[in-house]
Participant: 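The structure follows.
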Amino acid sequence: MQTFPLLGSGRCLLLAIALLTTSAALAQSPAPAAPAAVANTGSLTGTVLDSVSRQPVSYATVVLLPTAGSEKAISGVAADDAGKFSLTKLPTGTFRLRISYVGYGTHTQAVTVTSGATALGTIRLPAAATALNEAVVVGAKPVVEVRPDRLVYNAEQDLSNAGGTATDVLRKSPLLAVDGEGNVKMRGSSNFRVLVNNKPSPTLASNLTEALKSIPADQIKSVEIITTPPAKYDGEGTAGIINIILKKGVDQGVNGRIGASGGNRNSNFNSALNFKKGKVGFTSSASAGAWYNPGYSERTRVGYNEERQEISNLLQTADVYNKGKWYYGTLGLDYDPAEHHSISLAGSINGYGGNSTNDLFNRLTGLTNRLYTRRTDNRFSGLNVEGTGTYTRTFKQARKEWSVLGQYALNTGTFGYDFDQYDNSTVLLPAEQATYRERSRGRTPGHEITLQSDFTQPFGDKNTLEMGVKAIFRRTGSVANVDTLRPADNPSYLPDGRRITDFSYAQDVQAAYATYSFGLGKKTSLSLGSRLERTALSADFRTSASFTPPAYLSLLPNGSAQYKLSEASSVRAAYSRRITRPFIDYLNPFVDRSDRQNLSFGNPYLSPELTDAYELSYNTNFKSNSINISASVRHTGNAIESVRFLTTNPSAPLPAGVVPDPSVTAQTFQNVAANTFYQLNFYGSFKPLENWDLSGGPDVQYIVRRSPALNTNRQGLTAGLNLNTSYKLKKGFSLQGFVYASLPSPDIQGRGSANLYYQMGAKKTFLKEKADLVLNFGSPFNNYWPYRNTVSTALFEERSEFRAYQRSFRLSFSYRFGQAQQGKQRKQISNDDTKGGGSKQGG
């Protein structure tokens, strides 16, 4: 597969950015010169931490000012990801050092610069501080932070998340949307990657919707939305990356938390236990829960012949009930044998399972008449076990670091269904009266081995070179069988040999990357990088032919330029090329026949898709407020789309055993479209009053989808709105509210659904601020929201509706013991290179 032709456009964009930002930098007035008698040889270094959590305050603004009489900066810099800063080439003397960041109070202290290096050590910045004479009242971080390269949703500050799951948290994160079935979209696209603590979970890749239910919201610290990831991240995720940061508190002595919640949609228990003594740190968490919710679906379809004359009419209605359970646990061990050396071991286990009961009524009229009712019991499960080892070597030179990482991940899943069908009946009957019965069982075994090494070398104050290599060895597959029973012909189930699936898939990815970040003047900073990935694939169909496509190289350039308009405002331009590789749920050739009129199966012959993304954004902070305005364009030339077609007029080869029928549709995945997203997004975090926080904003998109293979050209406008607000009352009480709404969007073969979800809650903190009691209500004024979709082709038109029963309540209690504080972040594996879906094929 050729992946180089678009490289020229990326180079042109980066060259234009460099020329523009260089001109802007040269146009700026020079900074005040140091006194002529003193050489500028001094330097100041330090680390900015949150005064309560001891976490680094990334990107904090650090400014050196005269002692009095002037507010004109002598020098300034932004802290890095670890909160570290370095001011160099300073004149000697006494000055004021001012540190600020949105959501925090401004810290000012007197400093003395000598002719050498001066280490200031740790500087603690109070969150949302308000000075009252000599007293400081400390508040909390804002719910949403706007950083130069990402939006951060601080889930731990949102009380309405208490007792929920990761699905609830993502529903309220900026730029994301979650529908009633738990399917996630980022900026209107399902092509993104989800990481946990900067590393992927194979469970998330293979079944995102169900796996998110097994991560409790009480263990989530924040969610980072990264729209233009740099080269150090794997190249997958065309819309960007969602990084879920879990709480991992460690402090001297023992500390932790316990919590429980119950409601009409889900219940869970969660806990954590941590300690640190000397050079050893230990973290752990354990949780378990269950979910349960009803649903209702309705489908109408009209079939046509080539002369557009109606030949069939289908009506399907179904009552659905979903339930399941999950457990989640983590263990971590950190050991620092000597200065500049650190070893960490981390492990996790994540399991889930459930079933869905579907009572279907089917009426087909036209060339074929078919009336039946069917009860289907779908079942699924998943188990993911991961182990990661890391060695990190730091040096006396600030920001210089080398690390080696290794990870093994086991990922297995099962799926299946049983159904009883009653022909010519409008109601369900006893099981012994079924006219046709069918059952299927399958499993998806899989594991991954990952090796990775990264090196960071600073050159002076502003220049940094990052480079690394990585190898992923991924093995997965699908094994399934189908048994059928016709009571009138045979008293027992018989295997259907034509419908056996025995499929294995191997994917090896090797990658190398390099990024160079540097400054042009005092106001312009640039980052240029690229990633080269080699992909080798092979598939073995034990029931038919196998294939091994040729290995291919993908060059994925990226770059960004940021220009500081002031200490609080900046403009950023970025370009990146991303790749999306299909995962097992897209590739699995198993044919799901649980709905006789609507078959579905994967496509093992899919090619990866490539996306070029361009983004221009403006960020500003003032007082306790922040604003981000971004405009972006994303173009994918060989997009993977879910495609529907009649089995009598297929747009893809039909699997063996599928008999063409003009009343039956099939759904699979194909590289059939060229998609372009034009997007304008506004997001702000405000504090209208001292105790009132407000964040959110609109997102507007114009989408163009073209597919010569499907003879389709669809385009249209869509928009969404996300708002989150909280208000602190007296005596430990606080209130929270959230709403998300969106318009329908154009799909490749029809139109997607509109969305509406809102939530409100109240919290009481007591027992010396160690315990919380939270009551939440979800969509209290409407019992359900109807998600309506349409599919329109030359030979059929279909309308479907799924009713998500969102009205809910949940009561949660949590208790913290010890002084849980955030420890150092472990370096993590980040296999964000595959495309997964919201549900498993055949499950």
Side-chain angles (χ1 to χ4, degrees), residues 1-7 10 191 193 195 198-202 205-206 229-238 241 386-392 401-411 446-457 465-477 504-516 528-540 547-558 576-584 586-587 604-611 638 827-836:
M1 182 185 64
Q2 179 59 256
T3 61
F4 294 90
L6 294 178
L7 181 58
N191 297 343
R193 295 311 304 147
L195 310 181
N198 292 301
K199 68 184 182 72
S201 163
S206 63
K232 69 179 180 180
Y233 290 100
D234 289 337
E236 201 280 337
T238 55
I241 291 175
E386 296 178 11
T388 304
T390 308
Y391 168 73
T392 303
E401 182 179 284
W402 174 58
S403 63
V404 179
L405 306 92
Q407 181 190 74
Y408 175 79
L410 172 69
N411 180 47
H447 65 270
E448 292 180 4
I449 297 175
T450 305
L451 302 174
Q452 177 178 331
S453 181
D454 300 277
F455 180 70
T456 302
Q457 174 65 60
L465 175 65
E466 295 178 276
M467 62 182 68
V469 293
K470 184 175 184 178
I472 307 172
F473 306 95
R474 181 176 290 122
R475 301 294 182 268
T476 186
S504 65
Y505 187 80
Q507 183 186 90
D508 296 337
V509 180
Q510 295 89 40
Y513 76 90
T515 300
Y516 187 65
L528 301 177
S530 189
R531 187 178 186 93
L532 181 64
E533 297 187 348
R534 176 186 181 272
T535 305
L537 307 172
S538 66
D540 183 7
F547 72 96
T548 302
Y552 58 87
L553 293 175
S554 302
L555 185 63
L556 309 173
N558 64 75
S576 68
R577 174 175 290 176
R578 310 285 291 164
I579 187 171
T580 296
R581 299 181 184 90
F583 202 64
I584 181 62
Y586 280 63
L587 302 167
Y605 300 95
L606 287 174
S607 298
E609 60 181 30
L610 291 172
T611 295
N638 59 331
K827 206 166 185 66
Q828 300 285 1
I829 290 283
S830 300
N831 293 352
D832 52 326
D833 67 316
T834 55
K835 176 173 182 174

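Please read these numbers as outputs of a predicted model, since none were measured by experiment.
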Participant: A side-chain contact here means heavy atoms from C-beta on lying under 4.5 Å apart; do N411 and E448 qualify?
Facilitator: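 No. Closest side-chain heavy atoms not under 4.5 Å.
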Participant: For L555 and S530, which heavy atoms make the closest approach, and how far apart are they?
Facilitator: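 Reported closest heavy-atom pair: CD1-OG, 3.4 Å.
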Participant: Rounded to the nearest 0.5 Å, how far apart are OH of Y408 and OG1 of T388?
Facilitator: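 Y408 OH to T388 OG1: 12.5 Å, rounded to 0.5 Å.
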Participant: Looking at CD of Q507 and OG of S538, how far apart are the two atoms once the value is rounded to the nearest 0.5 Å?
Facilitator: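 So the gap between those two atoms works out to 10.0 Å.
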Participant: State, to 0.1 Å, how close N638 and L610 come at their nearest heavy-atom pair, and which atoms those are.
Facilitator: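 Scanning both residues, the minimum pair turns out to be OD1-N, 3.1 Å.
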Participant: Return the set of residues passing salt bridge (Lys or Arg N to Asp or Glu O under 4.0 Å) with R475 (not counting sequence neighbours), or none when no residue passes.
Facilitator: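 R475 satisfies salt bridge (Lys or Arg N to Asp or Glu O under 4.0 Å) with D508 only.
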Participant: With rounding to the nearest 0.5 angstrom, report the CZ to OH distance, R534 to Y552.
Facilitator: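 It is 10.5 Å, given to the nearest 0.5 Å.
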Participant: Taking the side chain as C-beta and beyond, is there a heavy-atom pair between Y516 and L465 under 4.5 Å?
Facilitator: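 Answer yes - side chains close enough.
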Participant: Taking the side chain as everything from C-beta on, heavy atoms only, tell me whether I241 gets closer than 4.5 Å to R578.
Facilitator: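 In short, these two side chains touch, coming nearer than 4.5 Å.
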Participant: Return the CG to OG1 distance between L587 and T476, rounded to the nearest 0.5 Å.
Facilitator: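 Here the interatomic distance stands at 8.5 Å.
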Participant: Is there side-chain contact between F473 and Q510, with heavy atoms separated by less than 4.5 Å?
Facilitator: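 With C-beta onward as the side chain, the pair touches.
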Participant: Could you tell me whether the side chain of D454 reaches within less than 4.5 Å of the side chain of L405, counting heavy atoms only?
Facilitator: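 They are in side-chain contact.
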Participant: Excluding sequence neighbours, so at least two apart, what forms side-chain contact (heavy atoms from CB on, under 4.5 Å) with A512?
Facilitator: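 Expected list: V469.
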Participant: Keeping the roles fixed (side chain from S576, backbone from P557), state whether a donor-acceptor pair exists under 3.5 Å.
Facilitator: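 Not a single qualifying donor-acceptor pair exists.
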Participant: T580 versus T611: any side-chain heavy-atom pair under 4.5 Å?
Facilitator: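 In short, these two side chains do not touch, never coming nearer than 4.5 Å.
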Participant: To the nearest 0.5 Å, tell me how far M467 CE sits from Y513 OH.
Facilitator: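 Between atom CE of M467 and atom OH of Y513 there are 9.0 Å.
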Participant: Any side-chain heavy atom of R581 sitting closer than 4.5 Å to one from R474?
Facilitator: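 The answer is no; the side chains never approach within 4.5 Å.
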Participant: Would you give the length of the straight line joining atom CZ of R531 to atom CZ of R577, rounded to the nearest 0.5 angstrom?
Facilitator: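 So the CZ of R531 and the CZ of R577 are separated by 15.0 Å.
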